[in-house]
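Have a look at the structure below before the remarks.
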Amino acid sequence: MIFLKTNFGKFLIEFMEKNDYKLEYISNKTKTPVPTIGHYRTGRRLPKDDFIEKFIKAFNFTEQEKKNIHDAVLRDRIPPEILDKLERFERYSKIENAKGNARRIETVKVPLYGTASAGPGYLNLDIELKEFVIPKEDYREGRFTVKVEGNSMTGPIKSIPCGSVALADPNMCADIEELVGKVCVFTYNDETFIKQLTVDRQNLIHLVSFNPEEQDIIVLNPKVLKCNGRVVKTYYEQRW
């Protein structure tokens, strides 16, 4: 069977050729079986988050290289039909930018909080890290942004990638019934998460990740569940 090279597989091949590394060396540095590394290289398998973390820690990558690795893995996890639409949109955007569209985009600054982990983590909404610039058309009174870290909201269909900035609106936190299926910045038991809210057949509230490998957070005491803001938009590849 012939496997198409994945984006991460291409990166791994170039990295190994550039440094004259063998599979055994990568295996030893990452404590990962040689056959598994081979499958990552050929595209037969996609690397999991724990391998990516070990791979990045094992080698002296630049910040740009780390970003390239995460971007490659993210693209590999996107279904082909969605990736095709994304790539066509990116090509269209480049064409439009090349035309020198002179329309001035008005911007405003909103508070940026974080770091919010898309996995289990904490967010202190009392401490503002800095301000973040958004298009004026996205602004509403009270909206704030959160820097997202981790991959639990990176899924095969929907994704809030690591490194994204999420725009949240506290005025859209209505009753729980109206938040079903929505992604919000929730605080539960003094921990804050960016999750999707669902309700099961037993009427139990779940805070759900887009990453199917992550476990749900089951809300056993709804009285201490707080919605700080509903996520209305995300920004990615912003310059800091």
Side-chain angles (χ1 to χ4, degrees), residues 49 67 70-71 74 78 82 86 89 105-199 204-212 214-240:
D49 291 340
K67 180 180 180 302
H70 285 297
D71 286 348
L74 175 62
I78 297 176
I82 296 179
L86 176 62
F89 174 75
I105 299 177
E106 294 187 56
T107 61
V108 296
K109 294 180 179 180
V110 295
L112 174 67
Y113 300 98
T115 299
S117 174
Y122 302 89
L123 169 64
N124 190 342
L125 294 179
D126 295 325
I127 300 179
E128 180 180 331
L129 296 181
K130 58 174 75 171
E131 292 179 317
F132 187 78
V133 177
I134 65 172
K136 189 174 181 179
E137 63 185 19
D138 293 343
Y139 178 73
R140 302 289 186 278
E141 184 67 30
R143 287 188 173 182
F144 62 93
T145 54
V146 177
K147 180 69 180 297
V148 179
E149 298 291 351
N151 294 306
S152 76
M153 291 302 283
T154 301
I157 299 178
K158 298 179 180 180
S159 286
I160 302 179
C162 177
S164 298
V165 173
L167 178 65
D169 191 332
N171 299 311
M172 298 178 71
C173 286
D175 295 333
I176 292 297
E177 291 79 8
E178 297 183 27
L179 293 178
V180 174
K182 307 301 182 183
V183 176
C184 303
V185 179
F186 291 108
T187 297
Y188 180 62
N189 287 339
D190 297 323
E191 297 183 12
T192 300
F193 315 86
I194 295 181
K195 300 292 179 186
Q196 182 182 44
L197 187 145
T198 64
V199 178
L204 286 176
I205 297 171
H206 293 238
L207 302 183
V208 181
S209 302
F210 290 154
N211 187 337
E214 294 286 338
Q215 291 185 343
D216 294 355
I217 299 170
I218 300 177
V219 179
L220 299 177
N221 185 2
K223 292 183 179 180
V224 298
L225 176 65
K226 177 184 178 183
C227 174
N228 301 291
R230 177 178 159 187
V231 175
V232 294
K233 195 168 187 177
T234 58
Y235 308 93
Y236 191 50
E237 295 185 346
Q238 294 282 348
R239 295 195 177 197
W240 297 85

What I'd like to find out is whether the side chain of K136 reaches to under 4.5 Å of the side chain of T107, using heavy atoms alone.
no
Out of curiosity, D190 CG to K226 NZ, how far, rounded to the nearest 0.5 Å?
11.0 Å
So, T187 and T192: side-chain donor and acceptor under 3.5 Å apart, yes or no?
yes
N-O pairing of D169 and R143 below 4.0 Å
yes
Looking at side-chain heavy atoms only, is the closest gap between M172 and K182 below 4.5 Å?
no
From C162 SG over to K67 NZ, what is the distance, rounded to the nearest 0.5 angstrom?
11.0 Å
Taking all non-hydrogen atoms of both residues into account, name the closest pair between P135 and V108 and its distance.
O-CG2, 4.5 Å
Looking only at non-hydrogen atoms, find the nearest pair between A168 and P170 and report the distance.
O-CD, 3.7 Å
Does the distance from a Lys or Arg side-chain N to an Asp or Glu carboxylate O, for D138 and K233, drop under 4.0 Å?
yes
Test log, rule side chain to side chain contact (heavy atoms under 4.5 Å, CB included), inputs V148 and M153
CA-CA 9 Å; V148 179; M153 291 302 283; 5.7 Å; no
Over 60° means perpendicular and under 30° means parallel, so classify the ring planes of F132 and Y235, tilted if in between.
tilted
Run the side chain to side chain contact (heavy atoms under 4.5 Å, CB included) test on N211 and T154 for me, step by step, so that the C-alpha distance in whole Å, both residues' side-chain angles and the decisive distance to 0.1 Å come before the verdict.
CA-CA 5 Å; N211 187 337; T154 301; 5.6 Å; no
Calculate, to the nearest 0.5 Å, the distance between atoms CZ and CZ belonging to F186 and R230 respectively.
10.0 Å
T198 side, atom OG1; L204 side, atom CG - distance, nearest 0.5 Å
10.0 Å
Look at the side chain of T145 and the backbone N and O of P111, then say whether any donor-acceptor pair between them is shorter than 3.5 Å.
yes
Strictly under 2.5 Å separating the two SG atoms? Check that for C173 and C227, please.
yes
What heavy-atom pair brings F144 and N228 nearest, and what distance separates the two atoms?
CE2-O, 3.5 Å
State the OH-CD1 distance between Y188 and I217, to the nearest 0.5 angstrom.
9.5 Å
Checking side-chain contact (heavy atoms from CB on, under 4.5 Å) against K195, which of V183, L207, V185 comes through?
L207
Working note: L225 + L197, criterion side chain to side chain contact (heavy atoms under 4.5 Å, CB included); need CA distance, chi angles, decisive distance, verdict.
CA-CA 11 Å; L225 176 65; L197 187 145; 4.2 Å; yes
Enter the distance from L167:CG to L112:CG here, rounded to the nearest 0.5 Å.
11.0 Å
Would you check if N171 and R140 make a side-chain contact, meaning some heavy-atom pair closer than 4.5 Å?
no
